A.B. asks: 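Right, I'll just put the structure down here and ask away after.
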Amino acid sequence: MQNKPIVYAWIFARGGSEGLPGKNIKILNGKPLIAYAIQTALESKYIDKVFVSTDDAAIAEVARRYGAEVPFVRPAGLASSRAPERLAWRHAIEWVKGSGLPEMEVMVSLPPTAPLRTTEEVDRGIERFNSGECDTVLSICPTNRHPSFNVVRIGDDGLAELAAPLEAKVTRRQDCPPLYDITTAFYVTSPAFVLLEDSFWNGRTGVVEIPEAHAVDIDTLLDFEFTEFLMKKKELG
């Protein structure tokens with residue numbers, strides 16, 4: 001690929017986790033959870049470097065063991081559950097600017113909580129971004145619930161009604177206009193856009209569709225156990 005942009009992957013993994021304590025290095029089917037994100041990034045044909053931003057020494061040690069660079073300790077103020085992760089993104093961008101490394105032209109965020117995404121899917125996201133049509137590229141999958149069919153709101157009278165009823169009556173969700181869930185598999189954007197805007201919705205947002213089976217986001221023990229079940233089922237299949 002000629003004139004290949006400099007692409008750095010960042011895995012943002014703070015030590016605190018209210019839903020599942022220690023989840024980022026909890027052993028999932030034989031490996032720490034964060035190892036899957038690192039491996040995905042290392043196998044990419046576009047990603048030049050893989051970094052982990054963390055405030056936690058144990059996460060840092062595991063990340064280095066699996067091949068990522070951990071160039072700093074994330075400040076505590078950027079590692080609380082109340083701190084917007086975009087501030088940690090900006091901190092990482094500013095670190096690169098002062099590091100002496102080649103300028104990061106494309107930033108890929110790979111949340112460690114989505115271990116079933118594939119490198120091929122991430123690379124498709126980077127390719128979509130490199131087309132120049134988007135400020136950010138997200139991963140999506142078809143939603144299983146639809147506000148015009150099986151999502152309700154409660155009115156002032158205490159009764160339920162469809163959240164977004166259609167003019168034409170539908171008797172199957174599949175007959176509704178297609179909608180999608182945003183997944184946490186990956187986010188691809190530019191450092192300039194992250195520094196300028198507080199939301200990816202402030203720019204042109206492109207998408208890459210991935211299978212629902214790859215879109216699992218681990219937040220609870222049930223999510224963790226379900227993901228491990230899917231992994232073992234794939235191995236046996």
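The structure displayed is predicted, hence computed values, not measured ones.
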A.B. asks: So, do Thr113 and Asp219 sit near enough that their side-chain heavy atoms are less than 4.5 Å apart?
C.D. replies: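 No, too far: nothing below the 4.5 Å cut-off.
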A.B. asks: How far apart are the C-alpha atoms of Lys49 and Glu69, what are their side-chain angles, what is the distance that settles it, and do they pass the salt bridge (charged side-chain N to carboxylate O under 4.0 Å, His left out) test?
C.D. replies: CA-CA 8 Å; Lys49 284 184 173 293; Glu69 299 181 44; 3.2 Å; yes
A.B. asks: Quick check: do Val106 and Ile6 have side-chain heavy atoms less than 4.5 Å from each other?
C.D. replies: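 When only atoms from C-beta onward are counted, Ile6 and Val106 do not touch, as no gap falls below 4.5 Å.
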A.B. asks: Taking C-beta and beyond as the side chain, do Asn130 and Pro5 meet within less than 4.5 Å on heavy atoms?
C.D. replies: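 Answer yes - side chains close enough.
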A.B. asks: Considering only NZ, NE, NH1 and NH2 on the basic side and carboxylate oxygens on the acidic side, decide whether Arg86 and Glu197 come within less than 4.0 Å.
C.D. replies: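 Salt bridge flag = no for Glu197 with Arg86.
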A.B. asks: Okay, side chain of Lys23, backbone of Ile218: is any donor-acceptor separation there less than 3.5 Å?
C.D. replies: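 Yes; at least one donor-acceptor contact below 3.5 Å.
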A.B. asks: Please state whether the rings of Trp10 and Phe51 are parallel, tilted or perpendicular, taking 30° and 60° as the class boundaries.
C.D. replies: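 Rings of Trp10 and Phe51: parallel, under 30°.
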A.B. asks: Answer yes if Leu101 and Met107 sit in the same cluster of Ile, Leu, Val, Met, Phe, Trp and Tyr residues linked by side chain heavy atoms under 4.5 Å apart, and no otherwise.
C.D. replies: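 In one cluster with Leu101: Met107, yes.
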A.B. asks: Between Phe72 and Ser53, which heavy-atom pair has the shortest distance, and what is it?
C.D. replies: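 Between these two residues, the closest heavy atoms are CE1-OG, 3.6 Å.
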A.B. asks: So, do Ile93 and Trp95 sit near enough that their side-chain heavy atoms are less than 4.5 Å apart?
C.D. replies: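 Answer no - side chains too far apart.
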A.B. asks: Working note: Ser109 + Trp89, criterion side-chain contact (heavy atoms from CB on, under 4.5 Å); need CA distance, chi angles, decisive distance, verdict.
C.D. replies: CA-CA 9 Å; Ser109 173; Trp89 289 24; 3.5 Å; yes
A.B. asks: Verify, without hydrogens or angle tests, whether Glu43 (side chain) and Thr119 (backbone) share a donor-acceptor contact under 3.5 angstrom.
C.D. replies: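 No.
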A.B. asks: Without swapping roles, check the side chain of Ser131 against the backbone of Arg128 for a donor-acceptor pair under 3.5 Å.
C.D. replies: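 Pair found, side chain donor or acceptor close to backbone of Arg128.
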A.B. asks: Counting only N and O atoms by type, is there a donor-acceptor contact under 3.5 Å from the side chain of Asp48 to the main-chain atoms of Val7?
C.D. replies: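 Here the side-chain-to-backbone pair exists.
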A.B. asks: Evaluate side-chain contact (heavy atoms from CB on, under 4.5 Å) for Ile140 paired with Asp181, printing each intermediate quantity in order.
C.D. replies: CA-CA 5 Å; Ile140 61 170; Asp181 288 325; over 6 Å; no
A.B. asks: Kindly give the heavy-atom pair with the smallest separation between Pro115 and Thr227, and that separation in Å.
C.D. replies: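 Minimum heavy-atom separation between Pro115 and Thr227: CG-CG2, 3.8 Å.
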A.B. asks: Should Ile11 and Val50 count as side-chain neighbours, where that means a heavy-atom distance under 4.5 Å?
C.D. replies: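 A side-chain contact exists here, since the closest heavy-atom pair is under 4.5 Å.
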A.B. asks: Going by side chain to side chain donor-acceptor pair (under 3.5 Å), name the residues that satisfy it together with Lys45, two or more places apart in sequence or in a different chain.
C.D. replies: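 Partners of Lys45 by the side chain to side chain donor-acceptor pair (under 3.5 Å) criterion come out as none, since no residue qualifies.
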A.B. asks: Quick one, Leu20 and Phe224 - any side-chain contact, counting heavy atoms below 4.5 Å?
C.D. replies: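 With C-beta onward as the side chain, the pair touches.
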A.B. asks: Does Asp55 come within less than 4.0 Å of Arg14, counting only side-chain N to carboxylate O?
C.D. replies: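 So Asp55 does not pair with Arg14 through a salt bridge.
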A.B. asks: With Glu94, which residues qualify under salt bridge (Lys or Arg N to Asp or Glu O under 4.0 Å), at least two apart?
C.D. replies: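 Counting only residues at least two positions away or on another chain, Glu94 forms no salt bridge (Lys or Arg N to Asp or Glu O under 4.0 Å).
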A.B. asks: Okay, side chain of Thr136, backbone of Thr205: is any donor-acceptor separation there less than 3.5 Å?
C.D. replies: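 Absent.
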A.B. asks: Using a strict 4.0 Å threshold on nitrogen-to-oxygen distance, state whether Asp198 and Arg90 make a salt bridge.
C.D. replies: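 Yes, charged N to carboxylate O under 4.0 Å.
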A.B. asks: Just wondering, do Phe12 and Pro111 contact through their side chains at under 4.5 Å, heavy atoms?
C.D. replies: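 Of all side-chain heavy-atom pairs linking Phe12 with Pro111, none is under 4.5 Å.
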A.B. asks: Is the closest side-chain heavy-atom distance between Phe226 and Val216 below 4.5 Å?
C.D. replies: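 They are in side-chain contact.
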A.B. asks: Test your reading of the model: is there a side-chain donor-acceptor pair from Asp157 to the backbone of Leu159, 3.5 Å cut-off?
C.D. replies: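 Flag set: sc Asp157 to bb Leu159 pair under 3.5 Å.
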A.B. asks: Charged N to carboxylate O under 4.0 angstrom, Arg153 versus Glu161?
C.D. replies: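 Glu161 and Arg153: salt-bridged.
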